Colleague: 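Sharing a structure, written as structure tokens. Questions coming.
Quick caveat, the model's predicted, so the values are computed rather than measured. Numbering starts at 1 and runs along the sequence shown. When a ligand or atom number is given, it counts from 1 through the structure's own listing order.
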Amino acid sequence: MTIAIQTQNIRKDFKGKTAVKGISLTVNEGEIFAILGPNGAGKSTLLRMLSTLTSISSGSAHIFGHNVATNSASVRQIIGLTGQDATVDENLTAFENLTIFGRLNGLNKRTAKARGIELLEQFSLSSAAHKQLKTFSGGMKRRLDLAVSLIARPKLVFLDEPTTGLDPRTRGEMWTTIRELVANGSTLLLTTQYLEEADQLADKIAIIDRGKLIAEGTPNELKETLAPTLFELSLEDSKDIPDAQSLITSKFGLEANMLPEQNTLSLPMKNTSAMTDLLTSFDEAHIRLASFSVRKPTLDEVFLEVTGN
Ligand SMILES: Nc1ncnc2c1ncn2[C@@H]1O[C@H](COP(=O)(O)OP(=O)(O)OP(=O)(O)O)[C@@H](O)[C@H]1O
């Protein structure tokens with residue numbers, strides 16, 4: 001497997017503030033990798049270092065084997081970047097923006113035009129090709145931003161909060177576009193504050209908080225290792241609650257959380273086979289259940305658990 005991005009203990013110190021405090025991570029070619037974290041966690045700074053926009057204070061980063069600090073020219077040739085602030089010119093049309101960026105990226109006139117037409121098609125912007133960007137909706141602008149970053153067919157695309165500020169429908173459309181990109185062979189590193197976005201899109205997620213990497217894995221791994229399966233038991237009679245709680249503690253050594261409104265006990269269980277034993281014990285103690293369910297924790301629950309926010 002080819003490694004697209006490798007960072008070792010990468011760090012960014014600003015005057016009086018360390019924004020990234022030694023992060024090591026590996027992104028494989030073809031992956032969608034999400035950097036998830038709250039406002040100010042250091043996501044944009046990390047991405048700016050990897051895309052050569054800001055220097056690395058210490059540690060190292062390699063993009064497809066090229067050292068970001070010492071070989072930034074080679075890195076720039078293989079990456080595309082869509083930042084939080086649009087790089088496009090509002091007074092120009094979509095097609096003009098694309099061809100200008102094509103020329104800036106070293107394409108000749110004919111190729112730049114052909115690539116522009118192709119990208120407008122790919123991002124469903126053909127009908128708006130000759131309209132000025134100031135008439136575009138937020139979603140259309142984001143799509144064009146993304147199209148612009150793909151002009152030179154980069155092997156690796158960085159997306160800084162690609163859907164922040166978009167309405168849910170437009171966000172969904174952006175997700176489809178992003179998935180298609182990866183299906184065409186690109187590797188993608190995106191930052192997001194939205195758990196759902198990371199869950200929906202990413203093969204791997206790194207959660208960062210206050211400049212530090214606090215958890216990493218596939219969405220399912222994060223859910224499984226950081227918060228176990230939840231077993232929820234609704235009792236038929238609320239009078240049984242104290243007995244049920246003491247049985248759970250004495251026999252299984254677990255602490256059940258009470259969800260009072262539905263007479264429901266919620267149990268985090270690592271060992272799912274213990275659930276059958278628990279049901280048998282309830283039956284023997286004549287504690288009747290109205291219903292029970294098993295569910296995975298949401299990424300929100302994982303996030304709360306690891307960040308303590
Ligand atoms: N040029 C700078 N000089 C000083 N501090 C900075 C600079 N850029 C960022 N910071 C600080 O570094 C921290 C991380 O910022 P960064 O923009 O990387 O966070 P983020 O996770 O991308 O947040 P957001 O989601 O708000 O973009 C913040 O506390 C920010 O104020």
Colleague: What part of K43, side chain, backbone, both or neither, has a heavy atom within less than 4.0 angstrom of ligand 1?
Modeller: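 Both backbone and side chain.
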
Colleague: So if I count the atoms of ligand 1 from 1 in the order they appear, which ones are less than 4.0 Å from some heavy atom of E161?
Modeller: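 Counting atoms of ligand 1 from 1, those under 4.0 Å from E161 are 24 (P), 25 (O), 27 (O).
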
Colleague: Heavy-atom contact under 4.0 Å between G40 and ligand 1?
Modeller: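 Yes.
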
Colleague: Quick one: do E221 and K204 make a salt bridge, cutoff under 4.0 Å?
Modeller: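 Here E221 does not pair with K204 in a salt bridge, since their nearest N and O are not under 4.0 Å apart.
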
Colleague: For E90, run the salt bridge (charged side-chain N to carboxylate O under 4.0 Å, His left out) check against K141, K131, K134 and tell me which one passes.
Modeller: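 By the salt bridge (charged side-chain N to carboxylate O under 4.0 Å, His left out) criterion, E90 pairs with just one of K141, K131, K134: K141.
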
Colleague: By the ring-ring contact (aromatic ring centres under 6.0 Å, His included) test, which pairs, at least two apart or in different chains, include something from residues 27-77?
Modeller: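 The answer is none; no pair qualifies.
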
Colleague: Is R11 salt-bridged to D13, cutoff N-O under 4.0 Å?
Modeller: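 Here R11 pairs with D13 in a salt bridge, since their nearest N and O are under 4.0 Å apart.
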
Colleague: Can you list the ligand 1 atoms lying under 4.0 Å from a non-hydrogen atom of A41?
Modeller: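 Answer for ligand 1: 19 (O), 20 (P), 21 (O).
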
Colleague: Quick one: does G42 get an N or O within less than 3.5 Å of an N or O on ligand 1?
Modeller: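 For ligand 1, there is an N or O atom that lies under 3.5 Å from one belonging to G42.
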
Colleague: Which of the atoms in ligand 1, numbered in the order shown and given with their element, are less than 4.0 Å from a heavy-atom of Q193?
Modeller: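 Here the atoms of ligand 1 in question are 25 (O).
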
Colleague: Please determine whether a side-chain nitrogen of the Lys or Arg among R142 and E173 lies less than 4.0 Å from a carboxylate oxygen of the Asp or Glu.
Modeller: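 No.
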
Colleague: Check whether any side-chain heavy atom of I56 sits under 4.5 Å from a side-chain heavy atom of K12, and report yes or no.
Modeller: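 A side-chain contact is absent here, since even the closest heavy-atom pair is not under 4.5 Å.
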
Colleague: Can you list every pair that meets ring-ring contact (aromatic ring centres under 6.0 Å, His included) and has a residue in residues 132-154, with sequence neighbours left out?
Modeller: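 Sorted pair list comes back empty.
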
Colleague: May I ask whether P38 has any heavy atom positioned less than 4.0 angstrom from an atom of ligand 1?
Modeller: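 Within the 4.0 Å threshold, so yes.
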
Colleague: Out of curiosity, is R48 lining ligand 1, as in a heavy atom under 4.0 Å away?
Modeller: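 Distance cut 4.0 Å: R48 fails for ligand 1.
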
Colleague: Looking only at heavy atoms, is any part of K15 under 4.0 Å from ligand 1, and if so is it the side chain, the backbone, or both, or is it neither?
Modeller: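 Neither; no heavy atom under 4.0 Å.
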
